[in-house]
Amino acid sequence: MSDSTPAANTYSMDELVSLCKRRGFIYPASEIYGGLNGFWDYGPLGTALKNNLRDRWWRDMVKRPPIGPDGEEVSIVGLDSSIIQNPKVWEASGHVGGFNDPMVDCRETKSRYRADHLMCLGLKGQTEGGQIYAFLENDDDSLAAARKKLEKYVKRDLADEEVDVCPLTALSPDELAITVAPDTKVVGSLTEPRQFNLMFKTFVGAVQDEDSAAYLRPETAQGIFLNFGNVVDTMRVKMPFGIAQVGKAFRNEVTPRNFIFRSREFEQMEIEWFCHESEAEQWFEFWCDVRAKWWQSIGLTSDNILMRKHESDELAHYAKEGCGTFDVEYRFPFTAPGFGELEGVAHRGNYDLSRHQEFAGKKLAYFDQPRNERYIPHVIEPSAGLSRGTLALLCEAYTPDPERASKVFMKFHPSIAPIQAAVFPLVAKDGMPEIAAKLFGELRDRWDVVMDVKQSIGKRYARMDEAGCPFCFTIDGDTASDQAVTVRHRDTQAQERVALDQVAAFMAQHVG
RNA sequence: GCGGGCGUAGCUCAAUUGGUAGAGCGUCAGCCUUCCAAGCUGAAUGUUGAGGGUUCGAGUCCCUUCGCCCGCUCCA
């Protein structure tokens, strides 16, 4: 998350969460049992919204992929790999090593540290009877403070040769017991390092022993790398090309927060774009541009979208030196005035395929006929959050309006709105419901449409405002004679008259 | 995992020093209604997050637990 100009959003997340529950977008998971931290269920409208976002992505990336720099459509094929994979996958990917951070807590200061980020200072060759002072790695002030405490303890200045520095993780439990934590003066306030396993562990088969242990995938990407060879062998693809996948991933987040922004079960929409190393930088720029524009095309305004280059110290373990990662970030109400990550476009180099080649002992090189060269492709990865994208759409759509009956309406882009049109007979008599039913039948095959004949027209309009339905078609007393209906526009509340036989054309024009 | 705050109807919230849990909105039904939650009538919905304790009596006090929010920590 990063800072920027003041927030445009003037509502609180509580209001949005409340509307999501009230209107069937998102419910707390297993709510009747008191919920479960970090999990959420999508209601009927939330499901429709999320599916629309997913389908739009699939259509724009796989079925009708973007035009590449050479003016031709790029080539992307789809995939749906399993959630549980051979446990060795996660050793090769670096998740077993890099995704398990040993943590220590300080009982005195209530601080938590990554154990591998703490270093220890002590007298060389002395452990018994002495004291050890922990300090933060790469922090000169912390180091100086630790040394000062050590010198005070031994009551003299120390030469550099006399002191010994080692990682906290190298300490024995006895040594840890005589260690003084940063910002404290007493010994033994640090807990033993504890593993924070961010991957969900499970067991394959009915017998639960370590041999059957497996993990739910923490990202969908690895399933693509595992099938790289299969796709090359079976799909007549040629470099450069992409493999796309949408699916669930699971992470045991330390702190699930901010509604569905950081949940433990979430969905990703990922493309792994394979190319020759010499073209990787060009494709990286290409995908950053394509993906930023795509988010804007579904209704996220440029004001709330930000492209941000990662600082070098926050690069992922797979990120290629010097090329880095770009984030597409969105200004959520809970991050404002800052931004939160929506999608990361990463240059993964050939890290993953090389690792799998090494760990699996299977050749994953590609023979490039035009180049007459065999190589392990480099990978550009536009990795988008489907759950986060859905949340961004909800946040972007939420529009308070004290003037209208609902006090708020959801301004979804018509193409991804969970309900794209509503058909209403103005009153439930005089043949109006019959005309409405006929129109409803014509529209529903192609769009998400509802029909409602109950209650006053104002109430139905207001209900559609909260659901974010962009257009309501109302059959009135004149329809039978003039063959026209009223279109009511959600955003402006304006009304216009449209010929009955032009409603589908109207929808095609305004919704797509 | 730590600290702080919170948890009452679908939603937003009331409920005196501990004394029978209510309102508005929403939902549903009926009447009505020819363009914005109209009006009238009626209805449903709560072990007050869960469990235990103190008390004649607990939404209210105490303990435990679960969940949510904020801050730390973390986010390959």
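Predicted, not measured: the structure shown is a model, and the values here were computed from it. Each chain gets a letter, A, B and so on, in the order the sequences are listed, and its residues count up from 1. Scope of the values below: all heavy atoms of this structure, side chains included, with no hydrogens, waters or symmetry mates.
Across all strands, N37(A) comes closer than 4.0 Å only to sugar-phosphate atoms, never to a base (heavy-atom distances). Counting any heavy atom pair closer than 4.0 Å across all strands shown, R264(A) reaches no nucleic acid atom. D478(A) comes within 4.0 angstrom of nothing in the nucleic acid, heavy atoms only. F259(A) comes within contact range of the sugar-phosphate backbone alone, with a heavy-atom separation under 4.0 Å but no base atom that close. Residue-level contact check: G43(A) touches neither bases nor backbone, having no heavy atom under 4.0 Å from any strand. Counting non-hydrogen atoms under 4.0 angstrom, M13(A) reaches nothing in the nucleic acid.
C72(B) and U65(B) have their P atoms separated by 25 Å, with the value rounded to a whole Å. Rounded to the nearest Å, the gap between the C1' atom of A29(B) and that of C66(B) is 38 Å. Rounded to the nearest Å, the gap between the P atom of U12(B) and that of U34(B) is 36 Å. If you take atom C1' in A58(B) and the same atom in U47(B), they sit 14 Å apart, rounded to whole Å. Taking the P atoms as reference points, G42(B) lies 13 Å from A23(B), given to the whole Å. Going from the P atom of U60(B) to that of G3(B) covers 23 Å, rounded to whole Å. Here the separation of A21(B) from U64(B), taken at their C1' atoms, is 25 Å to the nearest Å. Nucleotides C6(B) and U16(B), compared at atom C1', are 22 Å apart to the nearest Å.
Note on R488(A) versus D465(A): salt bridge recorded, some NZ/NE/NH1/NH2 to OD/OE distance being below 4.0 Å. Looking at R497(A) and D476(A), a side-chain N of the basic residue comes within less than 4.0 Å of a carboxylate O on the acidic one, giving a salt bridge. Between E267(A) and R217(A) there is no salt bridge, since no side-chain nitrogen of the basic residue lies less than 4.0 Å from a carboxylate oxygen of the acidic one. Ion pairing between R404(A) and D401(A) holds under the 4.0 Å rule for side-chain N and carboxylate O.
In terms of position along RNA chain B, the nucleotide closest to D430(A) lies nearer the 5' end than the nucleotide closest to the other residue of the pair D430(A) and W40(A). Mapping D476(A) and Q455(A) onto RNA chain B via the closest heavy atom, the residue that lands nearer the 5' end is Q455(A).
Atom CZ in R497(A) sits roughly 15 Å away from atom P in U34(B) (whole-Å rounding). R257(A) has its CZ atom 7 Å from the C1' atom of C69(B), to the nearest Å. What separates CG of D465(A) from C1' of C35(B) is a distance of 13 Å, to the nearest Å. The NZ atom of K459(A) sits 17 Å away from the P atom of U33(B) (whole-angstrom rounding). If you take NZ of K407(A) and P of C36(B), they are 15 Å apart, rounded to a whole angstrom. Note: OH (Y27(A)) to P (C11(B)) measures 11 Å, nearest angstrom. Nucleotide G67(B) holds its P atom 10 Å from the CZ atom of F39(A), rounded to whole Å. Regarding K21(A), its NZ atom lies at a distance of 9 Å from the P atom of A9(B), rounded to whole Å.
Pairing for G19(B) goes to C56(B), judged as Watson-Crick or G-U wobble with the two contacts each under 3.5 Å. If you check C6(B) for Watson-Crick or wobble pairing at under 3.5 angstrom, you find it paired to G67(B). Across every strand in view, C36(B) sits unpaired, with no contact that passes the Watson-Crick or G-U test at under 3.5 angstrom. Pairing of U48(B), defined by two Watson-Crick or G-U wobble distances under 3.5 Å, is not identified with any nucleotide. Summarising the base pairing, A43(B) is matched to U27(B) through a Watson-Crick or G-U wobble pair whose two defining distances lie under 3.5 Å.
By the 30° and 60° cut-offs, the orientation of the rings of F332(A) relative to Y330(A) is perpendicular.
Considering only side-chain atoms of K454(A), the nucleotide from C11(B), U34(B), G30(B) that sits closest is G30(B). Set against C36(B), C28(B), C11(B), the side chain of R463(A) has C28(B) as its closest nucleotide. Distance from the side chain of S18(A) is smallest to C11(B) among C11(B), U34(B), A37(B). Residue Q493(A) places its side chain closer to C36(B) than to any other of C35(B), A37(B), C36(B).
For a distance-only test at 3.5 Å, the side chain of R404(A) fails to qualify as a donor-acceptor partner of the base of C36(B).
For the pair F266(A)/R388(A), no side-chain contact is recorded, criterion being any heavy-atom separation below 4.5 Å from C-beta on.
Aromatic ring centres of H510(A) and F471(A): separated by under 6.0 Å. A centroid separation of 6.0 Å or more is found between the aromatic rings of F261(A) and F259(A).
Look at N258(A) and you won't find any side-chain N or O under 4.0 angstrom from OP1 or OP2 of C69(B).
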